[in-house]
S.K.: 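Below you will find the structure I want to go over with you.
All values below were derived from every heavy atom in this structure, side-chain atoms included, with hydrogens, water molecules and symmetry-related copies excluded. Order of the sequence lines fixes the chain letters, A, B, ..., with proteins taken first and strands second; residue numbering starts at 1 for each chain. Since the model is a prediction, treat every value here as computed from it, not as a measurement.
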Amino acid sequence: MPSHVFQAPTGTRDFYPADCALRRFITESWRAASIRHGFDEVDGPTFEHLDLYTVKSGEGIVSELFSFTRAGGERTYALRPEFTPTLARLYAAKAGSLPRPTKWFCTPTFFRAERPQRGRLREFMQWNVDVLGDPSPQADVEVIATCVSLFRALGFTPADLRVRINHRAALCAWFESRGIALERHEALLSLLDQKSKLPAAEFAARLAAFGFTPEQAEVFVKGLLRTQVSPRSSEVSVLGETLDAASIDPIKRLMSGLEGTSDVLDLTLFSEAVAPLATALAAARILDWVDFDLSIVRGLAYYTGMVFEVHEAGGQERAVAGGGRYDNLVELFGGPPTPAVGMGMGDVVLSLVMKDKGLVPAPANLAEAIGIRPDVFVISNGDPGAEAALMPTVAALRESGLHVRHTYKTTRNVGKLLREASDTFARLAVIIEGADRGVIKDLGTGVQDAAPTPIGLLPAALGDRLRRGGGAGGVEVSVKAPEPG
RNA sequence: GUGGCCAUAGCUCAGUUGGUUAGAGCACUAGGUUGUGAUCCUAGGGGUCGCGGGUUCGAGUCCCGUUGGCCACCCCA
């Protein structure tokens with residue numbers, strides 16, 4: 001008896017076949033969404049010099065990292081907790097020769113030494129999408145649209161998930177216009193960030209210290225600000241303050257460009273900085289996924305403009321994705337001044353939300369989606385000639401490039417073996433009936449050929465059958481086709 | 001790093017105020033209904049009750065420790 005039982009380290013996961021299938025489905029979905037939006041895949045090392053992470057986040061980050069020194073070595077390394085520093089390093093090294101914009105994505109594994117809890121583990125995968133070298137709102141929206149494209153592909157609707165957007169620069173400009181001194185902005189942002197963790201009354205009380213009325217505090221508490229605007233109206237009020245004519249103009253432009261949308265619009269943080277963003281969101285046809293939300297701050301000090309998080313509409317789980325614009329980050333890592341916008345999405349929360357919404361594909365659909373359905377399941381009916389022909393037939397079919405399976409059981413009960421074939425989600429079955437022939441059955445339709453096929457012709461016959469879509473049935477593929485545009 | 005809850009077969013669980021060789025369903029394996037994916041029948045493998053220690057005549061059942069899990073805090077790149 002072993003005196004010690006080996007267990008996986010805290011916060012890590014073991015991936016059995018079904019788990020691997022789901023993980024691959026997710027990463028393949030990430031890849032597909034990235035690629036159809038024109039992003040190129042990159043990657044870096046799984047560990048970096050520790051300094052790379054303290055540059056951006058300070059020494060305090062070290063306790064959150066898995067760091068180590070090689071035996072006998074002097075340098076300290078850390079397993080990567082995020083991709084952004086690596087991205088900045090990659091970009092800075094070749095900035096001069098890279099196109100503008102540079103659009104990169106990756107779907108690697110990350111490590112964080114945190115206490116695990118729901119939606120947070122110590123090892124996880126995260127999709128990163130970044131646009132470098134483009135300061136326009138279109139770049140902001142491109143990142144968000146890629147994110148939304150994934151949600152659509154997975155079967156989510158705007159009723160399931162909400163993209164909650166804020167704008168750091170616009171928010172701070174608005175603070176300033178209200179006479180809040182620059183040095184108090186950080187404290188105010190941090191207060192907004194704590195909104196969901198404070199009792200409403202206390203939150204309002206603390207806001208009052210910044211000069212906000214109880215009525216305005218209520219708007220912050222509700223988080224989302226949707227203001228009724230009539231295109232014919234000459235006045236618009238936000239947070240109880242009437243906007244000036246210069247501010248109203250972009251609203252009206254926005255309204256006129258949005259045929260078919262409701263005249264209820266999110267106008268939180270309305271300003272010259274936000275209107276172009278809203279316009280671009282509309283042009284990308286994802287405005288219906290988006291709410292502006294004053295309380296979205298993100299913990300990062302380096303965000304400079306738009307910031308966003310994606311949450312379940314009902315508020316369950318933690319953020320599915322988050323990101324924003326960080327125009328000074330590349331410079332921080334030694335590159336040229338480069339406007340940049342990006343986002344990250346982890347597999348842990350995404351999986352939880354998919355389960356919440358019943359959007360995890362059934363095993364057969366997963367197998368179809370990630371391309372692991374067997375083409376053919378070869379069965380012997382027990383005839384001595386068929387027994388001898390079984391493995392050579394399997395080999396010949398594999399030589400022709402097909403995904404071929406056969407039983408490892410001893411029974412030759414055809415019914416049981418067809419059951420096994422069906423359990424593997426194979427498209428076609430071949431029942432070898434003798435040394436020289438086998439009959440083909442389509443496991444999707446249940447239709448079996450009336451006449452057997454000479455064994456030497458099986459590779460060609462099966463290949464032909466599969467090319468014509470044979471065996472495609474039997475599973476419902478829930479993965480939606482990419483949407484046009 | 002702090003706190004709370006939890007830990008019995010691969011999975012979901014039952015195990016009476018501590019008492020004989022620890023159970024069920026599903027799953028799995030084999031066989032049957034003399035070759036067609038259903039249903040069904042039969043048989044079988046598999047746990048020493050996360051691990052270690054303690055109390056007791058006796059512990060899965062009580063106590064302590066430890067490991068792991070879940071949840072919240074901190075943090076969230």
S.K.: Which side-chain N or O atoms in residues 342-351 of chain A pair as donor and acceptor under 3.5 Å with protein atoms at least two apart or in another chain?
M.R.:
from, atom 1, to, atom 2, distance (Å)
A:Asp347, OD1, A:Arg13, NH2, 3.4
A:Asp347, OD1, A:Met125, N, 2.8
A:Asp347, OD2, A:Arg13, NH1, 3.0
A:Asp347, OD2, A:Arg13, NH2, 2.9
A:Ser351, OG, A:Asp347, O, 2.6

S.K.: Output a table of nitrogen or oxygen pairs between the protein and nucleotides 10-13 of chain B separated by less than 3.5 Å.
M.R.:
none

S.K.: Counting Watson-Crick and G-U wobble pairs whose two distances are both under 3.5 Å, find the runs of 3 or more in a row that involve RNA chain B.
M.R.: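 Stem list for RNA chain B: B:1-7 with B:67-73, B:10-13 with B:23-26, B:28-32 with B:40-44, B:50-54 with B:62-66.
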S.K.: Counting side-chain heavy atoms from C-beta on, which of B:G31, B:G35, B:A77 comes nearest to A:Thr84?
M.R.: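 Of all the options, the side chain of A:Thr84 is nearest to B:A77.
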S.K.: Of all the choices, B:G35, B:A77, B:A30, which nucleotide is nearest to the side chain of A:Asn381 once you look at every atom?
M.R.: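 Looking only at side-chain atoms, A:Asn381 lies closest to B:G35.
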S.K.: Looking at residues at least two apart in the chain, or sitting in another chain, which of them share a salt bridge (Lys or Arg N to Asp or Glu O under 4.0 Å) with A:Arg468?
M.R.: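 Checked A:Arg468 against salt bridge (Lys or Arg N to Asp or Glu O under 4.0 Å); matches are A:Asp464.
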S.K.: Listed by chain and number, what are the salt bridge (Lys or Arg N to Asp or Glu O under 4.0 Å) partners of A:Arg412, not counting sequence neighbours?
M.R.: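 Here the qualifying residues are A:Glu387.
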S.K.: Using a 4.0 Å heavy-atom cut-off, write out nucleotides 68-75 of chain B from 5' to 3' as B (base contacted by protein), S (sugar-phosphate only) or - (no contact).
M.R.: SS-SSBBB
S.K.: Could you go through nucleotides 37-44 of chain B and list every protein N or O atom that sits under 3.5 Å from one of its N or O atoms, giving the distance for each pair?
M.R.:
from, atom 1, to, atom 2, distance (Å)
B:G37, N7, A:Lys441, NZ, 2.9
B:G37, O6, A:Asp442, O, 3.4
B:G37, O6, A:Gly446, N, 3.2
B:G37, N1, A:Leu443, O, 2.8
B:G37, N2, A:Ser422, OG, 2.8
B:A38, OP1, A:Arg419, NE, 3.4
B:A38, OP1, A:Arg419, NH1, 2.5

S.K.: Tell me every residue that passes side-chain contact (heavy atoms from CB on, under 4.5 Å) with A:Ser63, counting only those two or more places apart in sequence or in another chain.
M.R.: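 side-chain contact (heavy atoms from CB on, under 4.5 Å) list for A:Ser63, sorted by chain: empty.
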S.K.: If the condition is salt bridge (Lys or Arg N to Asp or Glu O under 4.0 Å), which residues does A:Asp193 pass it with, not counting sequence neighbours?
M.R.: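 Salt bridge (Lys or Arg N to Asp or Glu O under 4.0 Å) list for A:Asp193, sorted by chain: empty.
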S.K.: What pairs of residues pass the ring pair (Phe, Tyr, Trp, His ring centres under 6.0 Å) test when at least one of them lies in residues 318-374 of chain A, not counting sequence neighbours?
M.R.: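 Counting only pairs at least two positions apart or across chains, the ring pair (Phe, Tyr, Trp, His ring centres under 6.0 Å) contacts touching residues 318-374 of chain A are A:Tyr302-A:Tyr326.
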S.K.: What residues form a side-chain hydrogen bond (donor to acceptor under 3.5 Å, both in side chains) with A:Asn413, not counting sequence neighbours?
M.R.: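 For A:Asn413, no residue satisfies side-chain hydrogen bond (donor to acceptor under 3.5 Å, both in side chains) once neighbours in sequence are set aside.
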S.K.: Under 3.5 Å, side-chain donor or acceptor atoms of residues 17-24 of chain A against the rest of the protein: list the pairs with distances, not counting sequence neighbours.
M.R.:
from, atom 1, to, atom 2, distance (Å)
A:Asp19, OD2, A:Tyr16, N, 2.9

